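Predicted, not measured: the structure shown is a model, and the values here were computed from it. Quick note: numbers below take in every heavy atom, side chains included, and nothing from hydrogens, waters or symmetry partners.
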Amino acid sequence: MDFTRKVRWVLDGHKTVNPIGSTYAWVVSRESVRIACTYAALNNLSVCAADIRNAYLQVPLPQKDYIICGPEFGLENVGKVVFIHQALYGGKAAGQDFRNQLRSCMRHLHFQPCLADPDV
């Protein structure tokens with residue numbers, strides 16, 4: 001064990017500037033889920049669902065954020081500047097950043113969004 005420190009940094013989103021455009025992760029409509037389940041039942045297809053734990057922590061940050069280390073990061077790190085590479089809790093656009101990352105991954109796997117509901 002090398003005693004590497006791992007933290008979850010919480011951003012005070014209520015103190016930051018409002019981003020331009022939508023800041024929320026979109027949600028699949030109830031009607032789209034019903035249609036997909038009906039289609040699966042009519043064609044004898046299996047339906048699977050998943051939940052991504054700590055989803056917002058899996059996304060690279062679109063902006064550059066940093067902190068200056070205090071004593072809680074170890075005495076050898078006090079005063080050092082540390083760049084934050086992955087998403088923060090509390091950011092106003094964390095939901096939208098996650099949605100964009102997930103969409104990019106799905107396109108990389110050759111999935112295409114539905115024209116009627118872009119989150120299907």
Side-chain angles (χ1 to χ4, degrees):
M1 179 181 245
D2 65 357
F3 296 103
T4 301
R5 291 173 174 84
K6 185 185 266 187
V7 298
R8 286 190 179 166
W9 193 256
V10 179
L11 185 66
D12 289 333
H14 64 287
K15 296 180 182 177
T16 60
V17 178
N18 289 332
I20 298 171
S22 176
T23 60
Y24 300 101
W26 295 1
V27 178
V28 178
S29 72
R30 189 174 25 196
E31 290 78 17
S32 294
V33 172
R34 286 182 182 163
I35 290 169
C37 288
T38 302
Y39 182 82
L42 291 173
N43 291 289
N44 201 25
L45 300 172
S46 298
V47 176
C48 297
D51 181 26
I52 302 172
R53 292 180 183 234
N54 297 324
Y56 290 0
L57 296 179
Q58 308 301 321
V59 181
L61 287 174
Q63 74 277 0
K64 300 222 183 250
D65 288 319
Y66 70 92
I67 60 168
I68 299 172
C69 293
E72 64 274 12
F73 287 91
L75 295 177
E76 70 278 6
N77 294 319
V78 172
K80 290 184 179 178
V81 175
V82 178
F83 287 95
I84 302 171
H85 296 283
Q86 286 188 319
L88 304 169
Y89 274 128
K92 288 186 178 178
Q96 182 68 24
D97 293 341
F98 174 72
R99 179 186 181 274
N100 291 341
Q101 175 72 14
L102 183 61
R103 186 177 205 126
S104 173
C105 290
M106 296 301 284
R107 283 196 172 140
H108 178 74
L109 295 171
H110 304 290
F111 285 92
Q112 295 295 321
C114 174
L115 294 176
D117 188 343
D119 290 313
V120 175

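One distance of note links CE of Met106 with CD of Gln112; it measures 10.5 Å at 0.5 Å rounding.
Applying the side-chain contact (heavy atoms from CB on, under 4.5 Å) test to Cys105 and every residue at least two apart in sequence or in another chain returns Gln101. Partners of Asp117 by side-chain hydrogen bond (donor to acceptor under 3.5 Å, both in side chains), not counting sequence neighbours, listed by chain and number: Ser29, Ser32.
For Pro113 against Pro118, the heavy-atom pair with the smallest separation is CB-O, 3.4 Å. Between Val82 and Cys69, the shortest heavy-atom distance links the atoms CG2-SG, 3.0 Å.
Between Ile67 and Phe73 there is a side-chain heavy-atom pair separated by less than 4.5 Å.
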Under 3.5 Å, sequence neighbours excluded: what are the donor-acceptor pairs made by side chains of residues 38-48?
| from | atom 1 | to | atom 2 | distance (Å) |
| --- | --- | --- | --- | --- |
| Thr38 | OG1 | Arg34 | O | 2.8 |
| Asn43 | ND2 | Tyr39 | O | 2.9 |

